[in-house]
2 protein chains.
Amino acid sequence: MGRNTEKDTESLVNSKRSASKEMRRAQLIKATIKCVAQKGLSSITMADITKEAGLSLGIVNLHFQSKDKLLVETLRYMSEEYGESVHRALATEGGPAAKLTALMEMDFSAKVCQRNKLAVWFAFWGESKSRPIYQSLCAKIDEDANASVHTLFQQLDKDGDYQHIDPDNFASVWNALTEGLWLDILISPNEMTREKAKAICQGYLASIFPRHFERPRKTKN
Amino acid sequence: MGRNTEKDTESLVNSKRSASKEMRRAQLIKATIKCVAQKGLSSITMADITKEAGLSLGIVNLHFQSKDKLLVETLRYMSEEYGESVHRALATEGGPAAKLTALMEMDFSAKVCQRNKLAVWFAFWGESKSRPIYQSLCAKIDEDANASVHTLFQQLDKDGDYQHIDPDNFASVWNALTEGLWLDILISPNEMTREKAKAICQGYLASIFPRHFERPRKTKN
DNA sequence: ATTTTATGAATGATTATTCATTCATAAAAC
DNA sequence: GTTTTATGAATGAATAATCATTCATAAAAT
C-alpha cells in the first residue's frame with residue numbers, strides 16, 4: 001500500500017465523520033463503479049451505491065446533488081484516471097517503441113483493463129448518444145489518446161527509417177484494435193484474456209516495425 | 001421499398017388490428033431500438049416504446065410478458081439480423097478476398113453501422129456483465145463472426161501464397177479493428193465516418209495482402 | 001358466437017429526493 | 001484543563017414521483 005500516487009481512498013475513510021469532501025466523493029464514485037459493473041447502469045439505485053459505500057441513503061445528494069450528477073462525475077473520474085495513465089505511459093524513458101510498449105502494457109493492465117471498469121466504460125458509451133455530456137467526455141479522452149498514438153507511429157516510422165506509405169493508417173488501426181480487444185475481453189473472457197490481447201497487439205507491432213518489436217511467443221490459445 | 005428480403009415491418013402494420021403476432025413483435029422491437037438509441041437503456045419506459053410504436057401501453061406485456069423480455073428479444077433480433085448479414089457477405093461470389101471485402105462493406109454499411117444501432121449494441125455490451133443472457137447472446141455472435149474471419153484469412157494466406165508467419169494474428173486484429181471502429185463512429189462521429197473506417201480497413205488489408213487489395217485513395221481527413 | 005388482439009385507467013411497487021435530527025469534531029470561554 | 005457552544009457531515013424516515021404491470025372493457029377477426 002501507499003505505492004499508488006493518485007486516486008487513493010483506502011485510508012481515513014473508515015473514521016466515519018472525518019473524511020474530507022474529496023475523499024467522500026471518491027469513495028462514492030468507486031462504489032458507483034462497482035455497482036454499475038455488478039448491476040448495470042439501468043438498474044443501480046441510490047440504495048445500492050450507498051450500501052456498497054457503507055454510508056447512508058442521503059449521502060449522494062449531499063455530495064453530488066443528484067444521482068445523475070454522480071454518474072457524470074464517475075465518468076469524469078474514470079476519464080481523468082485513464083488520461084493520467086496514458087500520460088504516465090508516454091513519459092516512459094526511451095524512444096517511441098518503448099513508449100508504445102508502455103502504452104500497451106497500460107491498456108491491458110489489471111488496473112485499466114479489469115472487467116468491472118470495462119463494463120462501466122461500455123455502459124457509458126452505450127448512453128453517450130442520448131447524453132451529450134457523456135459523449136463529449138468520451139470523445140475527448142478517445143481523441144487525445146488517438147493523437148498521441150499517431151505521433152508515436154510517425155516518430156517510430158521516421159526514426160526507424162521504415163518509410164511506410166501510411167503510418168497514420170497503422171496508428172488508426174492500433175487505436176481501434178485496443179478498443180476492440182476490450183470488447184472481446186468484456187464479452188468473451190474465456191476466449192480473450194489480457195495476455196492474449198497483448199500478444200495480438202505485440203504481433204501487430206512486430207509485423208509493422210520488425211526491427212523494434214519481437215513476435216510474441218504464441219498467439220493461438 | 002420491398003428491396004430488403006428479411007426483417008421488414010413497414011407494410012401491414014398500419015392496419016391496426018390486422019398485423020400478425022410476429023409483425024407486432026418486430027414493430028415493437030424496432031421501436032425499442034429507436035428508443036434505446038434516443039434515450040438510453042437506463043431511461044426508456046414502456047410509455048416511450050409504445051408511443052414510438054403508435055400503440056397502447058399494455059401492448060408490450062401482451063406480446064412479450066415484460067419489459068425485460070422485450071429487451072432480451074431486441075438483442076436476439078439484432079444478433080440474428082447481424083448473423084444473417086454476415087452469412088450473406090460470406091456467400092458472396094469469389095474467393096476469400098472478395099468475401100472479406102463484402103464483410104467489410106457490410107460491417108460499415110448504413111444498415112449495420114448506423115449510430116442508432118451502434119448505441120444499442122454498446123448499451124447491451126455494457127449490461128452484459130450483469131445479465132448473463134445478454135452476455136451469452138453477445139459472445140455467440142462475436143465468436144461466430146470471429147471464426148469466419150479466421151478461416152478467410154487462412155484461406156487467403158494460403159491461396160495467395162503469402163506465407164505469413166501468423167495469419168491468425170491478422171485475423172484477430174481484423175476482428176477487434178472492426179469493433180473498435182464502431183466505437184469511434186459512435187462517440188466521435190465528426191472524427192470517424194463509415195467511409196473513413198472502410199478506408200482504414202482497406203489500408204490494413206492492403207498492407208497484409210498487397211496483391212489482393214489496393215490501398216484506398218486517402219486515409220487522412 | 002367465440003376467440004384474439006388492443007386499449008388505457010387504475011394499481012402497487014420501486015426509488016430519488018428531502019429534511020429534521022443526530023453527533024463527532026473543533027473552536028471559544030472559563 | 002474542562003466545559004460550553006458552534007459547525008456541518010451524516011443519517012434515515014417520510015415524501016413524492018415515476019413507472020411496470022394488471023385487467024376490465026372494447027374492437028376486430030374468425
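Just so we're on the same page: letters track the sequence lines, and every chain starts at 1.
- A distance-only check finds no donor-acceptor pair linking the side chain of B/Lys129 to the backbone of A/Asn116 [under 3.5 Å].
- Protein atom NE2 of B/His63 is 17 Å distant from nucleotide atom C1' of D/dA20, rounded to whole Å.
- Distance A/Leu57 CG to C/dT17 C1': 9 Å, rounded to the nearest Å.
- Screening residues 33-52 of chain B for side-chain hydrogen bond (donor to acceptor under 3.5 Å, both in side chains), with sequence neighbours left out, gives A/Glu127-B/Ser42, B/Lys39-B/Asp48, B/Thr45-B/Asp48.
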**OP:** Begin with the C-alpha distance, continue with both residues' side-chain angles, and end with the deciding distance and a verdict on ring pair (Phe, Tyr, Trp, His ring centres under 6.0 Å) for B/Trp125 and B/Phe122.
**Re:** CA-CA 5 Å; B/Trp125 288 333; B/Phe122 276 83; 4.9 Å; yes
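- Taking atom NZ of residue B/Lys69 and atom P of nucleotide D/dA20, one finds them 16 Å apart after rounding to whole Å.
- Side-chain N/O atoms of B/Arg24 include none lying less than 4.0 angstrom from OP1 or OP2 on C/dT5.
- The nearest whole Å value for the distance from the CE atom in A/Met23 to the P atom in D/dA9 is 16 Å.
- Checking C/dT7, C/dT17, D/dT21 against the side-chain heavy atoms of B/Ile59 singles out C/dT7 as nearest.
- Note: CD1 (B/Ile49) to P (D/dT21) measures 10 Å, nearest angstrom.
- Under a 3.5 Å cut-off, the side chain of B/Tyr204 and the backbone N or O of B/Phe170 do form a donor-acceptor pair.
- For A/Asn61, the side-chain atoms get nearest to C/dT17 when compared with the rest of C/dT17, C/dT15, C/dA9.
- Heavy atoms of A/Ile44 sit under 4.0 angstrom from primed sugar atoms or phosphate atoms, though from no base atom.
- To the nearest angstrom, C1' of D/dC19 lies 16 Å from NZ of B/Lys51.
- Following rounding to the nearest Å, A/Gln65 (CD) and D/dA9 (P) show an atom-to-atom distance of 12 Å.
- In this structure, of C/dT15, C/dT7, D/dT11, it is C/dT7 that holds the atom nearest to the side chain of B/Ser56.
- Within the structure, a side-chain polar atom (N or O) of A/Lys21 is placed less than 4.0 Å from OP1 or OP2 of D/dA9.
- Between the B/Glu80 side chain and the B/Tyr77 main chain, no donor and acceptor come within less than 3.5 Å of each other.
- Taking atom CE on B/Met46 and atom P on C/dA10, their separation rounds to 19 Å, with Å as the unit.
- Checking C/dT7, D/dA10, D/dA20 against every side-chain atom of A/Leu62, the shortest atom distance belongs to D/dA10.
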